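This is a predicted model, so every value here is computed, not measured.
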Amino acid sequence: MSETRRHGIGRRHFLYGAAAVAAGVMGTGCTPEDAQGTSGSGGEPVVAIDAQRRSFKVSPYMTGVNGAKWYDDAFGMWDSKHNRPAPGIVEKMKKSGIGMIRYPGGTSSNLFNWKGAIGPQADRARQVEGKQGATVDSRFGPDEYMAFIRQVGATPEIMAPFANSTPDEIADWVAYMNAPQGTKWGDLRARNGHPEPYGVGHWEIGNELFGKYQRYWMSADDDKAMRQYAFGGTQRQKRQRVGTPTDHRPSASVSNGQPNQTFTVWYPPVTPKTQTIRVDDTTWHEVADLSSAGADDLVYTFEPRSGTIHFGDDRHGKIPQNGAKITADYDSGPHAGFVDYYTKMKAVDPTIDVLAVWAPIEAGKLAGGKSFPELLAEHGHADKYDGMAIHPYTNFSRDLKATRFPDKRAGHDYQMLGDAAAAKMVSDLTALVQKHGKEGAYVAVSECGALFFGKDRGAEEYREYSYAMSHALYMASQWARFADLGVRWTASNDLIGKKPGLSRTLFGGAPGFVRTPDAIVREQLSGFFHGGGHVVDSEVKENEKVSTRETPLGSSYEALVTTAAVDKDGALSVLVVNRSPDKDIKSRVDLGSFRHAGTADVSVVAGRSYDDFNNDEHPDAVTIKKSHATAKDGSLHWTFAAHSVTLLRFPPPTSH
């Protein structure tokens, strides 16, 4: 089924939403650095709703999350001893209304080998983690992931690796997940204990391959790398350490002095006769057969398809001396490109969506130059992708040029400043996809959030920023803007922390799995996103501004962010996020011509302050507060508490 038919999205509605987001981004003024606070234009803010103007279907996949890793028992989420989710996590995830879980993850999964992660645990392969190159286990494989998905009631989304795989391998994965019994891969899945097809409908190819630290075999030149991602190719690798099929750490490239050692280059296949193999700084030479080599000959055999290097035993070919570092120059390829992956995967299951991921970002905006949609259109392949996935992070160092939080308030403000810019990235990419792509092509968000990358150096003034109320406000603002833009699905970063305690995740680590304010807000908004309705026109008139330090993203941000929807039962829900860290804002909610029962159900998540958070000692410091309100004459006067997410639900009149 096409996404156009499934969601009914039209170009007119998209352009309206994009214009609204753009207006929010541009509305920043300049104030002195020390003049921080909330200011208005003189009138009381009005949240204006026009329930007659409907646009996109509300996506039940908006509150998705980038999944835990497949190794280390999914960071404690999976109980491998009993082959089930860890105690306590299922109900917490259900309660939090998570719409989608991405697997096997992001950067760490760029070299994932799905075929090594199925079948009996004793037979599974060790494999290479995609960020540090370490050797990791394969205990939480595709079947365990789907068992978890089904227990928590979420929808699956798979990031299929690009850097070390082939279109045939990923097409096989589609078949393993979706083909019926009576086929090769359907029968294998059944033998592994899962007779019914999983029906995984959402796939993306690769993770952030445009990033300079995630190029793998591809060129360091951005334009060339984009062409390689699109259409494949060959790329010279220079002075690259070798390793093994399961280990790319530096230690894996060092000789242990033993006879008959084998190593592999990182990114096979290798164009024959293009390799130069060095032991320390000495070039050794390829031979067809070590049996004819002398004891002192500096030689090796080489298998281009697998990239395997085989050294001698000091009788037939010299052993590389103990401690010597082995490196390789070689032409990696030929590799296939996205178009080849798309074609093979859709041939296996035409109903799936296959998304491209080449959406680079620079300094708080979508990167300039030729875009991936333009490139494919130029080559006659505008129909060879179903959409694009983007990671519109607010990166404090990249987007705000901040190396540290000057104080705690800045840690809050920087997130809010980044929110509208992140939505503008999504809006701009959507415009490119609609202009150059096929009818119904769309944009999804497969990672997002506001972060100091690395180890959060610079966040000392507000260490809790990524799991406190501030980040819940940021995410609620993102969901509101993404809903207005018709985003199909969103996965935020990240599901569960590696260690006990809290980190930049939705839940704290095992065994407590503390629910962060982000998770609490998801629970609050579960009915909104799972209500089966349509987004309706909403805006904040006379919105107040929160003044901040001068930054590359401006020196103020909108205090209130809103979206609204009418659900399948005819009820109107209005979401309002007050991002002001310290000011309650009196407002009027104008319901226009919407007919309602007169009483609104109200839920508020705020905590005691913008830096409030939950932990093992105080798991309910931030909770949902529920009440009721009375609307008269088509409007409701309401004070939106500082640092709060408020959901107002107006049921339709009781029918007689």
Side-chain angles (χ1 to χ4, degrees), residues 63-65 68 75-77 85-99 101 151-154 408 411-412 415 449-450 462-479 492-530 573 575-582 584 601-629 639-649:
T63 53
V65 64
F75 288 179
M77 189 179 78
I89 187 61
V90 170
E91 288 308 312
K92 288 186 176 182
M93 291 189 69
K94 282 183 176 180
K95 194 172 183 180
S96 302
I98 294 171
I101 301 176
Q151 288 204 42
V152 301
K408 182 171 285 189
H412 175 87
Q415 296 188 68
Y462 188 9
R463 293 187 181 278
E464 306 82 16
Y465 80 93
S466 67
Y467 55 85
M469 194 64 215
S470 289
H471 197 67
L473 297 171
Y474 175 90
M475 288 308 306
S477 301
Q478 292 276 275
W479 297 325
S492 67
N493 182 56
D494 218 349
L495 184 57
I496 291 173
K498 184 174 183 179
K499 298 177 181 179
L502 290 158
S503 61
R504 53 176 69 171
T505 53
L506 184 59
F507 297 96
F513 304 117
V514 174
R515 295 205 306 154
T516 63
D518 183 338
I520 302 299
V521 170
R522 289 168 188 254
E523 177 188 353
Q524 175 195 22
L525 303 183
S526 181
F528 183 94
F529 288 114
H530 293 267
S573 291
L575 167 61
V576 180
V577 188
N578 179 4
R579 290 104 58 84
S580 173
D582 51 18
D584 300 344
D601 301 317
V602 182
S603 66
V604 180
V605 178
R608 296 159 298 182
S609 60
Y610 68 84
D611 61 343
D612 208 1
F613 61 94
N614 297 335
N615 59 20
D616 283 315
E617 292 75 32
H618 303 284
D620 298 315
V622 178
T623 58
I624 302 172
K625 307 295 185 184
K626 296 184 178 181
S627 62
H628 300 280
T639 298
F640 295 101
H643 52 80
S644 69
V645 179
T646 301
L647 185 65
L648 307 169
R649 186 176 186 272

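In this structure Ala86 satisfies the side chain to side chain contact (heavy atoms under 4.5 Å, CB included) test together with Ile89, Phe513, sequence neighbours excluded. For Ser644, there are no side-chain hydrogen bond (donor to acceptor under 3.5 Å, both in side chains) partners at least two apart in sequence or on another chain. Judged as a side-chain hydrogen bond (donor to acceptor under 3.5 Å, both in side chains), and not counting sequence neighbours, Asn614 has no contacts. Asp601 meets the side-chain hydrogen bond (donor to acceptor under 3.5 Å, both in side chains) test with His628; sequence neighbours excluded. With sequence neighbours excluded, the residues forming a ring-ring contact (aromatic ring centres under 6.0 Å, His included) with Tyr467 are Phe613, listed by chain and number. In terms of the salt bridge (charged side-chain N to carboxylate O under 4.0 Å, His left out) criterion, Lys626 has no residue partners (sequence neighbours excluded). Applying the side-chain hydrogen bond (donor to acceptor under 3.5 Å, both in side chains) criterion to Asp612, with sequence neighbours excluded, gives Arg608. With sequence neighbours left out, Lys92 forms a salt bridge (charged side-chain N to carboxylate O under 4.0 Å, His left out) with no residue at all. In this structure, the side chain to side chain contact (heavy atoms under 4.5 Å, CB included) partners of Ser466, at least two apart in sequence or on a different chain, are Leu451, Arg504. Partners of His471 under the ring-ring contact (aromatic ring centres under 6.0 Å, His included) rule, at least two apart in sequence or in another chain, are Tyr474. The side chain to side chain contact (heavy atoms under 4.5 Å, CB included) test applied to Lys625 returns Thr623, not counting sequence neighbours.
Proximity of Phe75 to Asp494: side-chain heavy atoms (C-beta onward) are nowhere separated by under 4.5 Å. Looking at heavy atoms from C-beta onward, Leu575 lies in side-chain contact with Leu525 at the 4.5 angstrom threshold. Using a 4.5 Å cut-off on side-chain heavy atoms (C-beta onward), His412 and Leu473 make contact.
Using a distance-only test at 3.5 Å, with no hydrogens or angles considered, a donor-acceptor pair links the side chain of Ser470 to the main chain of Tyr610.
Minimum heavy-atom separation, Gly607 to His643: O-CE1, 3.4 Å. Nearest heavy atoms, Gly449 versus Met475: CA-SD, 4.4 Å. Of all the heavy atoms in Met469 and Ala606, the pair that sits closest is CG-O, 3.3 Å.
With 3.5 Å as the limit, one finds a donor-acceptor pair spanning the side chains of Ser609 and Asp611.
Among pairs with a residue in residues 505-515, those fulfilling side-chain hydrogen bond (donor to acceptor under 3.5 Å, both in side chains) read Ser96-Arg515, Ser503-Thr505, Arg515-Glu523, at least two apart in sequence or across chains.
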